[in-house]
*Asks:* 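Quick one: this structure, given as structure tokens, is what I'll be asking you about.
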Amino acid sequence: MAHANSLALRSQDLTKTYASTDPPTRVLDGIDLTVREGEFLVVMGASGSGKSTLLYSISGMDRPSSGSVFLDGRDLTTLNDAEMSRTRLTRMGFVFQQAYLLANLSIRDNILLPALKAAPDARDEAVARVQALMERFEIAHVADHGITQVSGGQLQRASICRALACEPAILFADEPTGALNSSMSAEVMDALTGVHRDGTTIVMVTHDPACAARGDRVVYLRDGRIVAENTPGPWTRENADRREDDLLAWLRNQGF
Ligand code: ADP
Ligand code: MG
């Protein structure tokens with residue numbers, strides 16, 4: 001269960017520079033970010049401000065140029081590739097704009113895949129856990145369908161199930177509703193709000209204020225720096241509209 005004040009993840013003076021351009025492109029410029037356990041943190045900013053790079057750098061998908069990222073008391077930047085892969089598999093979940101599910105596997109088998117890779121000897125437990133997840137996110141009735149036989153919203157909920165299959169400490173999402181229409185987007189955000197309520201820490205990048213309004217806290221990125229922070233507290237259906245309006249006004253102040 002989440003403890004409101006303990007730390008899930010922390011980055012310290014994180015930078016990322018691409019040397020391939022002239023002059024070199026500094027995409028992250030000294031990011032100090034703390035994510036509390038159980039928090040739903042949202043990262044916003046204009047296109048190109050470094051949101052994806054930040055998410056990839058704190059989740060070990062990409063190596064920062066300098067700085068540290070602490071998870072479970074370890075600096076991820078010091079891990080070798082095998083340790084990093086293991087940490088990503090067992091401690092982190094990922095949801096992207098595209099579902100990246102395999103076309104030759106059923107929805108169920110796609111969701112099972114990372115859990116079986118993480119613990120090949122615990123198949124029965126994984127199958128039970130995945131069944132419970134599919135019921136929780138209302139896709140159990142399409143478990144044996146192929147990925148082209150379900151809706152975009154169902155597909156994205158399947159990728160949320162896959163991301164949760166190894167019971168991660170933290171879920172990272174990069175524009176998880178970016179390819180969806182507004183009703184499917186709300187479906188997926190309801191699912192993520194449920195994940196958050198169940199106690200999972202979430203870091204989500206989005207450019208959609210309606211999605212961002214689901215978060216406990218929103219940080220705003222400009223040119224690779226966190227330049228503003230908004231802490232609206234817990235989202236509810238009742239305060240949803242007001243939060244979205246408030247957030248939109250705040251975003252406009254940031255030049256969004
Ligand atoms: P966002 O997700 O906020 O739209 P990104 O993190 O994807 O932004 O990109 C931030 C900046 O980094 C952009 O200006 C992009 O052009 C630049 N960038 C990303 N990848 C590379 C790369 N491999 N080489 C040079 N510049 C890159
Ligand atoms: Mg991006």
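Both ligands and their constituent atoms are indexed starting at 1 by order of listing.
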*Asks:* Is there a polar contact, in the sense of an N or O pair closer than 3.5 Å, between V27 and ligand 1?
*Replies:* no

*Asks:* Charged N to carboxylate O below 4.0 Å: is that the case for R214 and D190?
*Replies:*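 Salt bridge: yes.
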
*Asks:* Determine, using heavy atoms of G45 and all atoms of ligand 1, whether some pair is separated by less than 4.0 Å.
*Replies:* no

*Asks:* For T25 and ligand 1, does the shortest N/O to N/O distance drop below 3.5 Å?
*Replies:*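 Checking ligand 1 against T25, no N or O pair falls under 3.5 Å apart.
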
*Asks:* Any ion pair linking D124 and R129 (charged N to carboxylate O, less than 4.0 Å)?
*Replies:*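 So R129 does not pair with D124 through a salt bridge.
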
*Asks:* Has R225 got more than 12 heavy atoms of other residues, nucleotides or ligands less than 6.0 Å from its CZ?
*Replies:* no

*Asks:* Counting each atom of ligand 1 from 1 as listed, which ones have a heavy atom of T53 under 4.0 Å away?
*Replies:*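 Ligand 1 atoms under the 4.0 Å threshold to T53: 5 (P), 6 (O), 9 (O).
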
*Asks:* Would you indicate which of S57, S52, G48 comes nearest to atom 4 (O) of ligand 1 when only heavy atoms are counted?
*Replies:* G48

*Asks:* For ligand 1, find out whether one of its N or O atoms is nearer than 3.5 Å to an N or O atom of T21.
*Replies:*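 For ligand 1, there is no N or O atom that lies under 3.5 Å from one belonging to T21.
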
*Asks:* Any atoms of ligand 1 less than 4.0 Å from a non-hydrogen atom of A46? List them with their elements.
*Replies:*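 Close to A46: 3 (O).
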
*Asks:* Take D29 and R26, measure what salt bridge (Lys or Arg N to Asp or Glu O under 4.0 Å) needs, and give me the verdict at the end.
*Replies:* CA-CA 6 Å; D29 192 8; R26 175 152 287 205; 3.5 Å; yes

*Asks:* Give a yes or no on whether D72 atom CG has more than 12 heavy-atom contacts from other residues, nucleotides or ligands under 6.0 Å away.
*Replies:*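 Counting neighbours around CG of D72, more than 12 heavy atoms of other residues, nucleotides or ligands fall under 6.0 Å, so yes.
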
*Asks:* For atom 1 (P) of ligand 1, state whether the nearest protein heavy atom is under 4.0 Å away.
*Replies:* yes

*Asks:* Return the residue, atom name and 0.1 Å-rounded distance of the protein heavy atom closest to atom 23 (N) of ligand 1.
*Replies:* Y18 CE2, 3.4 Å

*Asks:* Are side-chain N/O atoms of Y56 and D174 paired as donor and acceptor at under 3.5 Å?
*Replies:* yes

*Asks:* Taking the side chain as everything from C-beta on, heavy atoms only, tell me whether C211 gets closer than 4.5 Å to M204.
*Replies:*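 When only atoms from C-beta onward are counted, M204 and C211 do touch, with a gap below 4.5 Å.
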
*Asks:* From the Mg ion (ligand 2) out to just under 2.8 Å, does an N/O/S atom of S47 turn up?
*Replies:* no

